[in-house]
S.K.: 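Once you've had a glance at the structure underneath, I'll fire off some questions.
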Amino acid sequence: MPAIAKVTVDRGGDKTFDYRIPAELAGAVRVGSRVTVPFGRARRTGYVVGLADRSERGDLKAVAALADREPFVGEGILKLARWMADYYGAPLERAVRTVLPGVVRRRGKQYRQRLHVRCAGGPAPESGGRLSEKQKAVLDALEARGGGLFLQELTDALGISDAPVKALARKGLVRIGPEPLARTPAGARTILPTRPLKLMREQEAALEAICTCIDGQAGRPRASAAAVTAPGQAGSGGHVVLLYGVTGSGKTEVYLQAIGHVLERGQGAIVLVPEISLTPQTVERFRARFGDRIAVLHSHLSEGERHDEWHRIRDGKAPIVVGARSAVFAPVRNPGLIVVDEEHEGTYKQDEAPRYHARDVAVMRGRMEGCAVVLGSATPSLESWHNASTGKYRLAVLPHRADNRTMPPVRVVDMRVARSAGRASLFSRELLDAIRQRLDRAEQVILFLNRRGFATSLVCPKCGEVLRCDRCSVSYTYHRSRERMVCHICGGTRRVPARCPGCGDPAFRYAGAGTQRLESALAKCFPQARLARMDADSTAGKDAYHRILGDVRTGTVDILIGTQMIAKGLHFPNVTLVGVVYADLSLHLPDFRAGERTFQLLAQVAGRAGRGEMPGEVIVQTYTPFHPAVQAARRLDYEGFCAEELAFRRELDYPPFTHLVNVGFKGKSENTVAYCASLFAKKLQAALGEKARVSEGAPAPLARAKGAYRYQVMARAASGVGLTRTVRDVLAGLKLPRAVTVAVDVDAVSLL
Ligand code: ADP
Ligand code: ZN
């Protein structure tokens, strides 16, 4: 029986600590147990993340007490964590941390009784002059968080004592007390309940396929924890349905009714949506059908809210969870269905260890817990499409919009023609005319440009100098609202230079365009039009996002300009024109998935047009009109695109025909980093032999970030699990210098 418990301790940092398991607790302390341990001179709460027979340290303290008889983390979730550690080549500690939200891990139930602070809504402005800096900071923090904060959280975040908060309370500006109950993130808004719609024939068929799957899976877990396999491996995906349905085809209604079926069986469900489309619109549709049986998990929750939602789920009060990536680990009891909406989205991949893909974890969890999984998309990833066409997943198709409206026609405008005619403008004549038409008819327009800021870069017309961040190998982006150059990698800023730092020429020019430039150019062309811009800069405040969307809905905005934030999920009946200002932006990324991304983006954007009574139209401006991805998007021909793209992938041994592991090396010394990468590449190729392709160690496309040099080695092989193991073994054998950080990314989705 293991004698040592490895424990992560509340406020103990990223490390785990070894504790002796005393005889009276032998066998009772398990992985997942919540324990009390001596720490310094105090006692703290911790979680057992591993057990061992011996420790490297001699003088160990003993576990003081076991907090609950049953482990805090369920057996199923722990199994999943173990699989994740193995499959993604990450330490088990990291995997266990990932499945338990920090706030739950650290505080346990005591969190509930802690003091809570919120704005009292009293008259602030006039007395504002007499507030101290710290008091103002407190009010700002509370305002940004809306629902209030725990006192401890607040003082920790601002690095202050509680005196300024108490002073504010005396002035009547904040209220300190027990936390208001029922902090459901929906707030006080009332939502009208909906009933299931009568389904169309294809929806009916899709629902039936899913329900068959749910009924057939129940209580039949298939995988043992010992067998580490890839999510889409042969014979392992019978519980998965790929729901391929064009935008507006009624996928969500199918999810809702499938969840209804699951509830009738007394089971729970998880719905994953990309963080970016976790809009109130989406959440409301679920809440309108299922009321407070829904728990919502997303990154804007305060710690208190997150804690409450997690416990509502674990206690069975909320059998349905809607959330972003990490909601795949929600402690839902007896799950019958996991839905992954927009399954092709790259944001499902976590970018720190364990670098898991929530879609694949969902498939695996479904397999382990005997529950059905639905992957939904208008543009499924090639991996999922391939799995469906080879019969590993079941396929359900919704080929038409639910309202039988046709998809909008897509017009491709060749910008090379406009340029050669001497009009090097952001807008083609076609797009300008179309916008004017819509404004005349009081219809709305969405313009899409996937780059924020004003200009991409500052270029000297004389010597060609481009202003770059010295810590990252990218050019600065000019942000006009802040009058500064901003690095989009490290966030660093600098003043706009008056003359070229290279040759001293004062004619420094802005090149390229971002959403801010688009906005000001539009304001010149259409001075009467009411514009709104939606990107990471304009939505920094908590409510800005909702406010802008609200303005579009109520018609106080004529033209909405935005980055990928507006590409999906939005449903505005009065939008009849969608313009893609520069489609090539994603095409030229040095990544074999560039074509797939571009197609997906164009198809998603197109789906925003003509969702109401009036027919819609899409205009795509591009300098490469004959690129296959652009052409396929013009015809909105997903299957044609897949066929062409899959042939290319097969030829070059890219996923989904191989598994891909990307190993990144990072450090301050370029020589050392380059040496480590190429040594690793050689050893890995030798260990894998002929059956794998290993690239040479080369600078990553983003060659320098935050002052560190980046190199990478990309390896591809038929067996993902074998590949990951070999990568891990070779790395372990190398004994790399500590100054070089290594990141292993299994099934990498971004190669930048
Ligand atoms: P998707 O999720 O595929 O983008 P939605 O579920 O949002 O599609 O459906 C688009 C619109 O069609 C919504 O307004 C929805 O209420 C409506 N709709 C869906 N299914 C039906 C149906 N069976 N009958 C009538 N309207 C439907
Ligand atoms: Zn930088």
Side-chain angles (χ1 to χ4, degrees), residues 191-211 241-261 269-274 276-290 294 320 322 337-345 359 374-381 384-385 388 395-408 444 446 549 552-553 564 566-576 578 600-616 618 636 638-639:
I191 295 169
L192 295 178
T194 62
R195 301 176 150 280
L197 298 172
K198 171 144 181 25
L199 295 183
M200 303 181 306
R201 199 164 40 82
E202 287 123 349
Q203 282 175 309
E204 194 78 63
L207 180 64
E208 200 175 296
I210 295 166
C211 290
V241 177
L242 175 62
L243 180 57
Y244 159 48
V246 299
T247 47
S249 60
K251 294 185 289 297
T252 310
E253 184 60 31
V254 173
Y255 304 152
L256 288 168
Q257 299 200 18
I259 293 169
H261 179 72
I270 299 175
V271 182
L272 299 183
V273 296
I276 200 166
S277 54
L278 196 51
T279 59
Q281 271 184 317
T282 313
V283 174
E284 269 173 34
R285 288 181 73 179
F286 287 87
R287 222 182 270 285
R289 191 69 54 89
F290 301 111
I294 300 271
I320 308 164
V322 181
L337 175 68
I338 306 177
V339 173
V340 185
D341 191 29
E342 311 276 11
E343 67 87 31
H344 63 278
E345 270 294 316
R359 172 194 63 214
V374 172
L375 310 179
S377 176
T379 52
S381 64
S384 297
W385 183 250
L395 178 66
V397 184
L398 305 179
H400 309 294
R401 280 192 166 185
D403 39 27
N404 261 322
R405 282 185 194 113
T406 47
M407 292 300 281
Q444 288 170 302
I446 289 182
L549 289 184
V552 178
R553 184 156 319 116
Q564 64 195 8
I566 59 169
K568 53 198 67 110
L570 303 180
H571 178 83
F572 297 120
N574 200 34
V575 170
T576 57
V578 169
Q600 284 165 348
L601 205 54
L602 292 178
Q604 297 282 349
V605 174
R608 301 306 117 224
R611 291 178 73 98
E613 298 298 325
M614 289 90 60
V618 179
L636 290 175
Y638 170 74
E639 293 179 43

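Atoms within a ligand are numbered from 1 in the order they appear, just like the ligands themselves. Keep in mind that this is a model prediction, so the values were computed, not measured.
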S.K.: Considering only heavy atoms, which of Gly607, Ala378, Gly250, Gly245 lies nearest to atom 9 (O) of ligand 1?
M.R.: Gly250

S.K.: Please work out whether any backbone atom (N, CA, C, O) or any side-chain heavy atom from C-beta onward of Ser249 is under 4.0 Å from ligand 1, and answer side chain, backbone, both or neither.
M.R.: both

S.K.: Can you tell me which residue and heavy atom of the protein come closest to atom 20 (N) of ligand 1, and the distance to 0.1 Å?
M.R.: Gln203 NE2, 3.0 Å

S.K.: Looking only at heavy atoms, what is the nearest atom pair of Ala388 and Leu242, with distance?
M.R.: CB-CD2, 3.7 Å

S.K.: Hey, what do you get for CG (Leu601) to OG1 (Thr379), rounding to the nearest 0.5 Å?
M.R.: 9.5 Å

S.K.: Assess the residue pair Thr247 and Arg608 against the criterion (side chain to side chain donor-acceptor pair (under 3.5 Å)); give the C-alpha distance rounded to whole Å, side-chain angles, the decisive distance to 0.1 Å, and a yes or no.
M.R.: CA-CA 8 Å; Thr247 47; Arg608 301 306 117 224; 5.2 Å; no

S.K.: I need the nearest protein heavy-atom contact for atom 10 (C) of ligand 1: residue, atom name and distance, please.
M.R.: Gly248 O, 3.6 Å

S.K.: At a non-hydrogen distance cut-off of under 4.0 Å, which region of Glu204 contacts ligand 1 (side chain, backbone, both, or neither)?
M.R.: neither

S.K.: Go through the side-chain N and O atoms of Arg285 and Thr194 and say whether any donor and acceptor fall under 3.5 Å apart.
M.R.: no

S.K.: Tell me the protein heavy atom at minimum distance from atom 2 (O) of ligand 1, and give that distance in Å.
M.R.: Thr252 OG1, 2.7 Å

S.K.: Give the residue, atom name and distance (to 0.1 Å) of the protein heavy atom nearest atom 19 (C) of ligand 1.
M.R.: Ala402 CB, 3.5 Å

S.K.: From atom 7 (O) of ligand 1, work out which of Glu253, Arg285, Glu202 has a heavy atom at the shortest distance.
M.R.: Arg285

S.K.: Run the salt bridge (Lys or Arg N to Asp or Glu O under 4.0 Å) test against Glu253 and tell me which residues pass, sequence neighbours left out.
M.R.: Arg289

S.K.: Side chain, backbone, both or neither: which applies to Leu197 and ligand 1 if a contact is any heavy-atom pair less than 4.0 Å apart?
M.R.: side chain

S.K.: Under 4.0 Å from a heavy atom of Lys198: which atoms of ligand 1 are those, numbered in the order shown and with their elements?
M.R.: 22 (C), 23 (N), 24 (N)

S.K.: What's the separation between atom OG in Ser377 and atom CD in Gln604, rounded to the nearest 0.5 Å?
M.R.: 6.0 Å

S.K.: What class does the angle between the rings of Tyr638 and Trp385 fall in, given that below 30° is parallel, 30 to 60° is tilted and above 60° is perpendicular?
M.R.: perpendicular

